[in-house]
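Note that the structure is predicted; figures quoted are calculated from it, not measured. Excluded from the calculations below are hydrogen atoms, water molecules and symmetry mates; all remaining heavy atoms, backbone and side chain alike, are included. By convention in this document, chain letters (A, B, ...) are assigned in the order of the sequence lines, proteins followed by strands, and residues within each chain are numbered from 1.
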Amino acid sequence: MSDGILSSDRYPFLVQILRRNPPMSIPDEQRFLEGLRNLDAQVIAEVYDTYFPVVYRYVRYRLNDQDQSQDVASDVFVRLLEAVQARRGPETNLKAWLLATASHRINDMHRKAYRRRMESLPETLADPVGSPVEDYEIRERKEQVRQALAGLTDEQQHVLALRFGDGFSIEETANLMKKNVNAVKQLQFRALAALHRKVEEVL
Amino acid sequence: MKKQLVQTLEICLAEIESGSDIDACLEKFPGLADELRPALLASVDARSLAVEAIPADAARKGRARLLQHAAGLREARLAGTVRRSPGRNRGWRLAAAVLAVLFFLATGGSGLVLAAGNSLPGDSIYFVKRGWENLRIQVASTLQERQALEMEYQQERVSEINQLLGKGRTEQVEFSGLVTAIYPDQLVAAGVSVTLTPRTEVEGTIALGSWVEVKGETQPNGSVVAFVVKVDEVETQDNRSSSSGDSGSSSSGSGGDETGEPTEIRTQEPQETETPKPSKTPKGGSGSGNASPQVTPTPKPGDFELEGQVQGMGPTTWMVDGNTILVTTQTEYSGSMNIGDTIRVRGKVMADGSLVASRIELRSGSGGDGGTSEPAPTKNEDD
């Protein structure tokens, strides 16, 4: 798979993402849930290692703060542990539960105005891992897109984070959001259209 | 028409993801080009925000926190009793809960409670947060719910401390947690570095695996200076009995612990004391007793290098072949490491004999499950 003209010239950091997470087999998932119920440290660590990348990417996509993202992403797993202990945890589809919990957490934070202002100085923005050599124009553009993303509805942000942050397919996204594929396609279209409008407003 | 539009968008998104460009896609659908173009341009912007690599710190700290939490839940389950919050009795808690309710009613303070949710020790509305937490515990309908709330708030105390330390604020704090490392004049509990001074009041015998309640003050250097450290003998006893026979094996990533014991950083009594590389076995802090690890001579200040197996990974300390290694924000990492892996550590021996890692490099994996699939990037000094 090669970069197109658009990606290499104008968007050098456009990454063709195909982070398809291999579907978890039912025995694996049941083993995970059983291990969580039994507080099996080895299984708990395995659950964390398996799902943390997906959850972190999702949270980091929606939150413009590395430290906050770390806290929220790890908090999701603590909540999973407590929910399973309290018999309120997922019975199936662990990934969907984790991402939904992350989404709710982020939505709560937004409602509490916990989010840091997007007007903060560019040098304070913590994104050193992904773009150590990004030039100013690209960072500016990303900031504008982030501001625009923050202006979308929670559900629009959610679908964009799943599709473009984590790289889930439309079918996987539908499964995670517990919606049918057509509904997700429409939501995606509205989200992208809204994102474009917001980006134009910011410029 | 709308259905055709969203279907066509999906087709174009797949083509762009495969390397095509927007104009080439739109040429195939001229009738929809005007409506599709903004969405496709936005999709390129949306993709640009994706995180390419996950910081090694992010995964490691969260893992340690989760396993610590699990250890606490396990202890609570074994104890089968309500863990008492430090320094309180039921009468005081009830009084505090009543006061909180009255305050809430008097001020119509649901908004205040929400605002206090993110407050930290030292903030003017922090007392509202604590009062609300006490109220929730008091009105918990089941023992399980109460224990879950107490665990949650214990984690919240640690989170508050980490936030204060991150901000460089000096505030009085209290928290409780499992002791996972002990140095001269310092210990690590719940991932928090606690400094012991001659004025620290220690109640009980501190040892690895002890459950301690700490009252102290956050310091700009990233640790908490302890005024009081109290060992909860009941919790410690349960923790020890549930992990007896564990001679320092770790339990995650490398499949080493069949009993499913908590993954805790434990010292392992060194098999050899005549190793040519500097090694340091942590000694007990004030009042330590039971876990008397073998003491090796304090290495002289200077550079060190050692290679060994990772036995524990905490937010600020790692255990490597019985040696406690301090990791900092300046530590560089090469490779994605897990417990059980063989690593090489280079760093400096400090004046107090502690080993501070400047670089950690993966030598060979244990082959166990878990861990991030992407190699952790090497941190630059200017990060």
*Identify the residue among B:Leu49, B:Ile54, B:Val51 that makes a side chain to side chain contact (heavy atoms under 4.5 Å, CB included) with A:Arg60.*
B:Val51
*Work out which heavy atom in B:Leu67 is nearest to a heavy atom in A:Ala41; give both atom names and the distance.*
CD2-O, 3.7 Å
*Nearest heavy-atom pair of B:Arg47 and A:Phe164: which atoms, and what distance?*
CG-CD2, 3.5 Å
*Please indicate whether A:Asn180 has more than 12 foreign heavy atoms, meaning atoms of other residues, nucleotides or ligands, lying under 6.0 Å from its CG.*
yes
*Could you give me the CA-CA distance, side-chain angles and deciding distance for A:Glu82 and B:His69, then say whether side chain to side chain contact (heavy atoms under 4.5 Å, CB included) is met?*
CA-CA 9 Å; A:Glu82 291 178 348; B:His69 192 76; 2.7 Å; yes
_If I take atom CD1 from residue A:Ile170 and atom CG from residue B:Leu9, how far apart are they, to the nearest 0.5 angstrom?_
8.5 Å
*How far does CD of A:Gln186 sit from CD of B:Gln7, to the nearest 0.5 angstrom?*
9.0 Å
*Is it the side chain or the backbone of A:Leu149 that comes within 4.5 Å of chain B heavy atoms, both, or neither?*
side chain
_Short N-O contact, A:Asp75 and B:Arg65, less than 4.0 angstrom_ = yes
*Using non-hydrogen atoms and a 4.5 Å limit, figure out which bit of B:Leu66 sits close to chain A: side chain, backbone, both or neither.*
both
*For the residue pair B:Gln163 and A:Asp67, establish whether any side-chain heavy-atom pair is separated by less than 4.5 Å.*
no
_Sequence neighbours excluded, every pair satisfying salt bridge (Lys or Arg N to Asp or Glu O under 4.0 Å) that has a member inside residues 178-197 of chain A_ = A:Glu155-A:Lys179
*Side chains of B:Asn118 and A:Met109 in contact at under 4.5 Å (non-hydrogen atoms)*: no
_Nearest heavy atoms of A:Ser74 and B:Gly62, plus distance in Å_ = CB-CA, 3.5 Å
_For A:Tyr48, give me all partners under ring pair (Phe, Tyr, Trp, His ring centres under 6.0 Å), at least two apart in sequence or on another chain._
A:Phe52, A:Phe77
*For the atom pair OG (A:Ser169) and CD (B:Glu10), what is the distance rounded to the nearest 0.5 Å?*
8.5 Å
_At a 4.5 Å cut-off on heavy atoms, which part of A:Asn38 comes close to chain B: side chain, backbone, both, or neither?_
backbone
*Closest heavy-atom contact between A:Gly165 and B:Ala50?*
O-CB, 4.1 Å
*Answer whether the closest heavy-atom distance between the side chains of A:Asp49 and B:Asn338 falls below 4.5 Å.*
yes
*Check whether B:Leu40 gets within reach of chain A through its side chain, its backbone, both or neither, counting any heavy atom under 4.5 Å.*
neither
*Between CG of B:Asp45 and CG of A:Leu192, what distance do you get to the nearest 0.5 Å?*
10.0 Å
*Within a strict 4.5 Å, meaning less than it, do heavy atoms of the A:Gln188 and B:Val6 side chains meet?*
no
*Is there side-chain contact between B:Ser48 and A:Arg141, with at least one heavy-atom pair below 4.5 Å?*
no
*Looking only at heavy atoms, what is the nearest atom pair of A:Leu195 and B:Ala46, with distance?*
CD2-CB, 4.1 Å
*Which atom names give the shortest non-hydrogen contact between B:Lys61 and A:Gln70, and what distance separates them?*
CD-OE1, 4.4 Å
